[in-house]
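In what follows, a structure is listed as structure tokens, so that the remarks can point back to it.
Only this structure's heavy atoms are used, side chains among them; waters, hydrogens and symmetry mates stay out. Letters go in sequence order (proteins before strands), and every chain restarts at 1.
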Amino acid sequence: MIRLENVTRVYRRGGEKLTVLDGLSLDMEGGKFYALMGPSGSGKTTMLNLVGGLDRPDSGHVAVAGEDVGALEGAALSQWRADNVGFVFQGFNLIPVLTALENVMLPLSLTPLSRAERRKHAEFALELVGMSDRLSHRPQQLSGGQEQRVAIARAIATDPGIILADEPTGDLDRDSADQVLGLLERLNKEFQKTILMVTHDPAAAERAQRIVNLDKGRLADDPREGA
Amino acid sequence: MLPFSYTLRSLFVRRSSTLLTVFGIGATVAVVSGVLALRQGFTTMFSDSGRDDIAVFLRPGSTNEGDSRFRRQLGDQLMKSLPEIAKDAEGRPLAGMECYLAILREKTSGGKTNVAIRGIQPRGFAVHGKAVRVVEGERFKPGSDEIIVAKKLAARIRDCRLGDVLVLNTTPLKVVGIFESDGPYGSEIWGDLDRVLAALNIDNPNRVVAKMRSGTDVPALAKRLKKHKVYPARVLTERAYLQSQTAGLSVTLLVLGVMLAVIMGLAAVFTATNTMLAAISSRTHEIGILLATGFRPVPVFLSFLFEALLLGLLGGAVGCLMALPLNGLETGAMNFNTFTEAAFAFRVTPGVLTTAVLFALVLGLVGGAFPAWRAARMRPVEALRRA
């Protein structure tokens, strides 16, 4: 369960104030696949960052499974992120000097697992995304779709409850995008991951179970809400 | 902790800037260790060559033989009456008076320099023993206008090769031998005491040297002779005497080394800082990922600091490689205690190399601290956004 309560986030650039989220309140069920839509600047990514504990609201509360994420700080917040959230970004964001396997093993080094166990977990995650045959490839030796699949494997390696995906198909061709969306669906259905995916693409949003439409930092009407 | 391979490969990926920094640090380390090796060579030459069984007698109050004067008669009395002085097979004391003066001579490479000339008595060779070895020609004959020249000087100073005639004031002195000595004698010219005194128009010698009986308590003897009614003297072992002669140049070289270390070190630190800042700015995204994934600022800080430390270590290794060929290379420098040219070799010792590597590590550490701190305090959202 993810609960946003009267959340406001204001960015200040120079002397200018920009209200990105404007008293947003929203409940999202755990184990569901949500698509966040809305025009640029509507606050989608900011909402994702707040849920993932990368950003802090100026007012209001963000609670994930009962934990007030906005109140966590420093090491506790880092640990919470490591335990609960996996991130997938539009630009894949793999570490270029590490192989696919090493990229996936990276978040596992924050766990008490032994090296052999970390390797096992990482190999399992890569198998899940269909990248078992590319373990020792560096990111630049992979296609965009493959990179994103490795990034998804990295996000799920520590088995977090929530996957936050910011435009995961934005840089991909149709087929690769389709594969990535299929993968997210599978993670939701088979492994009961809660998925929040920011997207501009209506076709991608169709794959989600719920669509949250944002506009100017508030909730717009969701035609499918309650359907 | 972030994996070691991440740090190592990140350095390797930016090969050209890594190499540039490594050579920057390396050059600094090489120059500094060069000066240290010079200092080491100088101190080693003096402190390793002095012997504990030879005593040096100076006039009370003088700090080196240059400003000491011994009346011949008192010197003779001292040598003959001190029971601590060892005797040769015929029962004569193994001791001798010596005169010592710095004379201005022309260098073969142009310019002038002060060279030490020492006059010794016939038994002087027996006192110094193997410390002075004639390797070409022969020893000068007692009472003759002959001299022997240290091998290190023969090529550096004019009229000093075997067979040459060196004119001292108006006295021509013939070079009949070339000798080797590991210590400061290895930069001197030696001749007969009386002939050298006459050539220099001086009456009295500068010091007495004597081989002591084994078990002689030199400090006790020093205490006894300090206020002796007939022949007061300042007594110390040859080793202690030579060590006291290195202070001036040793300090100068140390100051020079520190100055170079500071000036060149600053430049190297800036290079390292610049390299690390460039690395961090091109890897902002990566840092964002690491922080978002749950890595805390401290491991990120340590990872980048470690990268800078590796840069330093590589620089130190390169610097040592550059400095190693200096080892054994001979050079000359003015010894400010005696105001004479001292010829000695660079000595790149393990101690010098250790100091060099530690210095390089400090350069890396100082250069990397600020960039690593900047990387660690990035906010993940901002780091990720700056694509």
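Residue A:L110 touches chain B through its side chain alone, counting heavy-atom pairs closer than 4.5 Å. Within the 4.5 angstrom heavy-atom criterion, no atom of B:L8 approaches chain A. For A:L106, the parts sitting under 4.5 Å from any heavy atom of chain B are the backbone and the side chain alike. Both the backbone and the side chain of B:F295 come within less than 4.5 Å of a heavy atom in chain A.
More than 12 heavy atoms of other residues, nucleotides or ligands lie within 6.0 Å of CE in A:M1, so this atom counts as buried by the packing criterion.
A:M197 has its side chain out of reach of A:V88: every pair of non-hydrogen atoms, C-beta onward, lies at least 4.5 Å apart. In this structure, A:L184 and A:P168 have side chains that are in contact, with non-hydrogen atoms separated by less than 4.5 Å. Inter-residue side-chain proximity for A:V104 and A:V150 is flagged as met; some heavy-atom pair is nearer than 4.5 Å. Between B:L20 and B:T275, every side-chain heavy-atom pair lies at or beyond the 4.5 Å cut-off. Here the side chains of A:V129 and A:V180 are not in contact, with every heavy-atom distance at 4.5 Å or above. Using a 4.5 Å heavy-atom threshold, the side chains of A:I2 and A:L4 count as touching.
With chain A as the partner, the residue from B:P3, B:A292, B:P299, B:P297 showing the most heavy-atom pairs under 4.5 Å is B:A292.
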Could you give the side-chain donor-acceptor pairs of residues 350-366 of chain B under 3.5 Å, partners two or more places apart or in another chain?
residue : atom : partner : partner atom : Å
B:T354  : OG1  : B:P350  : O            : 2.6
B:T355  : OG1  : B:G351  : O            : 2.7

Suppose we count any N or O donor within 3.5 Å of an acceptor, strictly below that value; which pairs fall between chain B and chain A?
residue : atom : partner : partner atom : Å
B:R9    : NH1  : A:V97   : O            : 2.9
B:R9    : NH1  : A:E102  : OE1          : 2.6
B:R9    : NH2  : A:E102  : OE1          : 3.4
B:R9    : NH2  : A:E102  : OE2          : 2.7
B:H285  : NE2  : A:N93   : OD1          : 3.1
B:H285  : NE2  : A:N93   : ND2          : 3.3
B:L291  : O    : A:R81   : NE           : 3.3
B:L291  : O    : A:R81   : NH2          : 2.9
B:A292  : O    : A:R81   : NE           : 3.2
B:R296  : NH2  : A:Q79   : OE1          : 3.0
B:R379  : NH2  : A:D55   : OD1          : 3.3

